Amino acid sequence: MTLEEIHGQQPAPVRHDWMQGAGTALHELLVSAQRRGCLTAGVYESAKLMNVDPDNVAFCVLATDQEDEGDIALQIHFTLIQAFCCENDIDIVRVNDVAKLAAIVGPSEESGEPRDLHCILITNPNEESWKDPALEKLNLFCEESRSVNDWVPTITLPE
């Protein structure tokens, strides 16, 4: 017997369209940020940037695949990054498909090599006028997720 059954309440319906909208917004944000040069990829590169200039970070994406779940070192890095983001009021989400991220972000522009996409930061551009609607949607999504005690929500990217 669940708590909802005890109190005679129906569980809150999962808002599939809300989640799908967040996935689409994340896709749009990644494309826009990469075009503007406001995307930092890689656990170590992201940690360096957050240490040097945390006020410039607007959004954080942590990504894993099934095989990454057992990587203790990566999980420790994720825990530290999550703590840093929470301490500095940086919205953060998880994505469970690194391959989809790689399809969106692509290889490194300098070397053409695949990049570490386990952590991606979206930074504020030098232009003050840049207000990405996708970033605003994701900020609202994260705020709503926190209101139901989901501090690091998982987003599914669209196909």
Side-chain angles (χ1 to χ4, degrees), residues 12 14-125 132 134-159:
V14 176
R15 294 172 54 186
H16 184 69
D17 56 334
W18 184 51
M19 294 294 287
Q20 209 169 21
T24 303
L26 180 58
H27 183 277
E28 292 169 6
L29 179 63
L30 290 169
V31 170
S32 174
Q34 185 165 5
R35 200 172 331 119
R36 294 182 175 273
C38 301
L39 188 137
T40 301
V43 172
Y44 296 110
E45 292 82 359
S46 298
K48 283 191 285 188
L49 177 65
M50 286 191 288
N51 191 35
V52 172
D53 192 10
D55 294 334
N56 196 32
V57 178
F59 199 78
C60 179
V61 179
L62 297 178
T64 58
D65 277 330
Q66 193 81 18
E67 61 269 5
D68 294 327
E69 295 299 323
D71 187 343
I72 301 298
L74 184 62
Q75 297 308 318
I76 290 170
H77 286 295
F78 279 5
T79 301
L80 294 172
I81 290 169
Q82 286 174 206
F84 188 88
C85 288
C86 288
E87 187 175 303
N88 289 284
D89 296 323
I90 299 168
D91 287 326
I92 182 170
V93 296
R94 279 186 170 256
V95 172
N96 289 331
D97 196 337
V98 177
K100 282 185 185 176
L101 274 179
I104 295 168
V105 176
S108 173
E109 292 176 8
E110 299 88 42
S111 66
E113 295 290 316
R115 350 182 193 192
D116 170 18
L117 297 176
H118 289 106
C119 183
I120 296 176
L121 297 181
I122 308 299
T123 56
N124 291 319
D132 194 309
L135 179 59
E136 292 176 18
K137 285 180 191 175
L138 287 167
N139 289 334
L140 180 60
F141 172 78
C142 289
E143 184 178 321
E144 289 180 13
S145 294
R146 284 190 299 272
S147 72
V148 293
N149 290 326
D150 188 4
W151 296 95
V152 183
T154 299
I155 291 180
T156 302
L157 290 168
E159 294 297 323

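Here the structure is a predicted model, which means the values were calculated and not measured.
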Self-check item: Enclosure of Gln66 CD (heavy-atom neighbours >12, cutoff 6.0 Å)
Solution: no
Quiz item: Should the heavy atoms of other residues, nucleotides or ligands under 6.0 Å from CD of Glu69 be counted, would the total exceed 12?
Solution: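 Check passes, neighbour count above 12.
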Are any non-hydrogen side-chain atoms of [X] and [Y] less than 4.5 angstrom apart?
X: His118; Y: Phe78; result: yes
X: Gln34; Y: Ile104; result: no
X: Ile122; Y: Val57; result: no
X: Thr123; Y: Asp53; result: no
X: Ile155; Y: Leu138; result: yes
X: Cys142; Y: Phe59; result: yes

Rounded distance [0.5 Å steps], [atom1] in [X] versus [atom2] in [Y]:
X: Asp71; Y: His77; atom1: CG; atom2: NE2; value: 8.5 Å
X: Ser145; Y: Leu140; atom1: OG; atom2: CG; value: 9.0 Å
X: Glu87; Y: Met50; atom1: CD; atom2: CE; value: 11.5 Å
X: Cys38; Y: Asn124; atom1: SG; atom2: CG; value: 8.0 Å
X: Cys119; Y: Ile92; atom1: SG; atom2: CD1; value: 7.0 Å
X: Ser46; Y: Asp116; atom1: OG; atom2: CG; value: 8.0 Å

Practice problem: Identify the heavy atoms of Leu117 and Ala63 that sit nearest to each other, and give their distance. | Solution: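 Reported closest heavy-atom pair: O-CB, 3.4 Å.
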Quiz prompt | Minimal non-hydrogen separation, Arg115 against Leu39, with atom names | solution =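 The answer is NH1-CD2, 4.0 Å.
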Practice problem: Show your working on side-chain contact (heavy atoms from CB on, under 4.5 Å) between Phe141 and Asp91 and close with a plain yes or no. | Solution: CA-CA 9 Å; Phe141 172 78; Asp91 287 326; over 6 Å; no
Quiz item: Tell me, which pairs form a salt bridge (Lys or Arg N to Asp or Glu O under 4.0 Å) where one or both residues lie in residues 150-159, sequence neighbours left out?
Solution: Lys100-Glu159
Given 3.5 Å as the limit, does a donor-acceptor pair link the side chain of [X] with the main chain of [Y], or not?
X: Asn88; Y: Ile90; result: no
X: Ser32; Y: Leu29; result: no
X: Glu45; Y: Thr40; result: no
X: Asn51; Y: Lys48; result: no
X: Asn139; Y: Leu135; result: yes
X: Asp132; Y: Ala134; result: yes

Self-check item: Asn96/Asp65 under side-chain contact (heavy atoms from CB on, under 4.5 Å): CA gap, chis, key distance, verdict
Solution: CA-CA 5 Å; Asn96 289 331; Asp65 277 330; over 6 Å; no
Quiz item: Stepwise, does the side-chain contact (heavy atoms from CB on, under 4.5 Å) test hold for Val93 with Thr154?
Solution: CA-CA 6 Å; Val93 296; Thr154 299; over 6 Å; no
Exercise. Take Leu30 and Leu101 through the side-chain contact (heavy atoms from CB on, under 4.5 Å) test and state the conclusion after the steps.
Key: CA-CA 9 Å; Leu30 290 169; Leu101 274 179; 3.4 Å; yes
